[in-house]
Amino acid sequence: MRSIHRAALSAAAVVLVGATAACSGSEDGDEGAFGGGERDGGATSGDAFSAVQAAAESTTEITSAGFTATTSGPTTATGGEVEISGFMSWGDGVVLDATLSGEAMQLGPEAPSEMRMVMLNDVMYMNLGESFAAEFDGREWMMMDMGALAEESGDPALAQAMDMGFDEASQDPSAQMGLLLQSPDIESVGEEEIDGVTVEHYQGTVSVEDALQNNGAADVFTEEELQQLTDNMEQSGIESYDIDVWVDENDFPIQIRQAFDSEMGPVTTEVRYTDLGADVDVAAPEEGSYVDFMELMESMGVQPESL
């Protein structure tokens, strides 16, 4: 049974890493996040900035889509490649129905190779398969209440950080565009084609300090804690984020890529959007069909802050 317990904890960690990495961005949805002022640079960078700014503003009108998010990096940093694919809405709370797969899911012979994941606001459900159900009275699902987990940790910064990673603002692709607008050197790469769709490719680089200042972290941490977090990231070899977006004729970023270098190697997250405005109708698993993650941790003597 312990191996099943460990696989469940590992799956939870994989989900937290994959979901937050795939969906982080600026918390602000107002004009300030989209850079209302003038920018330095020549005509090319100015035109690119204006194009990205227009796309950021038009993207706020979209509140749901199909998506495929892939995070890849050194096994020691991310557990290997993680892919999350499904449908998500972020207009009025976060609603998600997706499948998670990839190298990071290879947790052992009894663990599923892929896992369905359902999210309703800050409550996440993961289907861990038949082996898990056999140990828990037929219950295939594990439930994680992100708010309760953060509160139980007793760490206000952790609670705020988890909320920052999973609230609707962080899932909105316009937030990623807002982050790119913090770059001082947005460039137009040129016209490309993705799945038969003609798109314009833009890219820029954002420093760790600017990224943290503009992704809501300044509202979570004290100035001293924010500086410590910045120093820790830079000591890990993370100095900046490279951001690429591919914008279609409707000014929507159908693909967004973020990449950074760390001491353990490069890490890349890429999200591709389809079916803009799709209806996302998701229901929680039936009562009695899931195990509370908090109970599982208690049974193993694991503390929330150790995740």
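Worth knowing before you read on, the calculation uses all heavy atoms, side chains too, and leaves out hydrogens, waters and symmetry mates.
For F260 and Y241, the distance between ring centers is under 6.0 angstrom.
For D248 (side chain) and D251 (main-chain N/O), a donor-acceptor pair under 3.5 Å exists by modelled atom type. Although no hydrogens or angles enter the test, the distance criterion places no donor-acceptor pair under 3.5 Å between the side chain of N250 and the main chain of F252. Put simply, the side chain of Q182 gets close to the backbone of G178: a donor and an acceptor are under 3.5 Å apart.
Applying the ring-ring contact (aromatic ring centres under 6.0 Å, His included) rule to pairs touching residues 179-200 yields nothing, sequence neighbours excluded.
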Kindly indicate, with the supporting measurements, whether the criterion side chain to side chain contact (heavy atoms under 4.5 Å, CB included) is fulfilled by T63 and S89.
CA-CA 6 Å; T63 59; S89 67; 5.8 Å; no
Evaluate the criterion side chain to side chain contact (heavy atoms under 4.5 Å, CB included) for residue pair V199 and I254; output intermediate values, then yes/no.
CA-CA 8 Å; V199 294; I254 66 170; 3.5 Å; yes
Carefully, step by step, assess F293 and D145 under the rule side chain to side chain contact (heavy atoms under 4.5 Å, CB included).
CA-CA 8 Å; F293 181 63; D145 186 325; over 6 Å; no
Worked verdict on Y202 versus V247 for side chain to side chain contact (heavy atoms under 4.5 Å, CB included):
CA-CA 8 Å; Y202 302 96; V247 179; 4.1 Å; yes
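Proximity of F67 to S85: side-chain heavy atoms (C-beta onward) are nowhere separated by under 4.5 Å. By the 4.5 Å heavy-atom criterion applied to side chains, T70 and V82 are not counted as neighbours. You'll find the side chain of T205 stays beyond 4.5 Å of the side chain of I243, heavy atoms only. Here the side chains of V52 and L181 are in contact, with some heavy-atom distance below 4.5 Å. Within the 4.5 Å cutoff, the side chain of S188 has no heavy atoms near those of the D47 side chain. Looking at F136 and L128, their side chains never come closer than 4.5 Å, going by heavy atoms from C-beta outward. Side-chain contact check for E191 versus T198: some heavy-atom pair is nearer than 4.5 Å. Contact check for M177 versus V245: side-chain heavy atoms found under the 4.5 Å cut-off.
Using modelled atom types, one finds no donor on one side chain facing an acceptor on the other under 3.5 Å when comparing E200 with W246. With no hydrogens or angles considered, a side-chain donor-acceptor pair links Q176 and Q258 at under 3.5 Å. Using modelled atom types and a 3.5 Å distance limit, the side chains of T59 and S174 yield no donor-acceptor pair. With 3.5 Å as the limit, one finds a donor-acceptor pair spanning the side chains of T71 and T269.
Listed by chain and number, the hydrophobic cluster partners of V280 are F87, V95, V118, L120, V123, Y125, W141, M143, V282, Y290, where partners are ILVMFWY side chains within reach of under 4.5 Å, directly or through others.
Here the OG atom belonging to S101 is positioned 15.0 Å from the CZ atom belonging to R116, to the nearest 0.5 angstrom. Once rounded to the nearest 0.5 Å, the distance linking CG of D185 with CD of Q203 reads 8.5 Å. Remark: L100 CG to E83 CD distance equals 9.0 Å, nearest 0.5 Å. Atom CE in M142 sits 12.5 Å away from atom CE in M294 (nearest 0.5 Å). Note that CG of N127 is 12.0 Å distant from CE of M117, once rounded to the nearest 0.5 Å. Separating the CE atom in M88 from the CG atom in L96 is a distance of 6.0 Å, to the nearest 0.5 Å.
Under a 4.0 Å N-O distance rule, the pair R257/D242 does not qualify as a salt bridge.
Across I62 and S64, no two heavy atoms sit closer than the pair CG2-O, 3.4 Å. For the residue pair V189 and E192, the shortest heavy atom distance occurs at CG1-OE2, 3.8 Å.
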